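Keep in mind that what you see is a predicted model, and the values were worked out from it rather than measured.
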Amino acid sequence: MNNQILDDFLTKRSAKVMENIQEEIYKEVRDGICDYFGIGDITELNKGQIDQVINAHETRDRGFLKLGYNLVLKQLKNDKKT
């Protein structure tokens, strides 16, 4: 038996896999948003389009799309800081 707490053990064990999954979800949602709005990059979203992404994010309780919206909005926020 392992002396670590189960959550700590699984966190360390699965960190890289989870990071890869998160990146794939981000890419899929980002590319889908770009396709939907007919733009080449999420930085081209206008205020109304960003509001639609925020609304979609807020109406989803959980799941992969919720995570994807969250990651896209986080990236947009980070892009505005630079």
Check whether L10 and I21 end up in the same hydrophobic cluster, where Ile, Leu, Val, Met, Phe, Trp and Tyr are linked by side-chain heavy atoms less than 4.5 Å apart. no
Within 6.0 Å of CD in E28, more than 12 heavy atoms from elsewhere: no
Just how far is it from atom CG of D79 to atom CD of Q75, taken to the nearest 0.5 Å? 4.5 Å
Can you check whether K80 reaches L76 side chain to side chain, under 4.5 Å on heavy atoms? no
V29 vs L71 side-chain heavy atoms within contact, under 4.5 Å: no
Check: E44 and D41 side chains under 4.5 Å, non-hydrogen atoms: yes
Do H57 and N70 have side-chain heavy atoms sitting under 4.5 Å apart? yes
Would a hydrophobic clustering, with Ile, Leu, Val, Met, Phe, Trp and Tyr connected at side-chain separations under 4.5 Å, put F9 with V17? no
Salt-bridge test for K12 and D8: reply yes if a basic N is under 4.0 Å from a carboxylate O, no otherwise. no
Side chain to side chain contact (heavy atoms under 4.5 Å, CB included) between L73 and K77: does it pass, once the steps are laid out? CA-CA 6 Å; L73 292 170; K77 183 178 178 182; over 6 Å; no
Interatomic spacing from CD1 in I42 to CG in D31 - rounded to 0.5 Å: 9.5 Å
Side chain Q49, main chain N46, donor-acceptor under 3.5 Å: yes
Apply side-chain hydrogen bond (donor to acceptor under 3.5 Å, both in side chains) to residues N20 and E24 and explain how you reach the verdict. CA-CA 6 Å; N20 291 340; E24 289 301 314; over 6 Å; no
Nearest-0.5 Å distance, NZ of residue K47 to CD of residue Q52: 11.5 Å
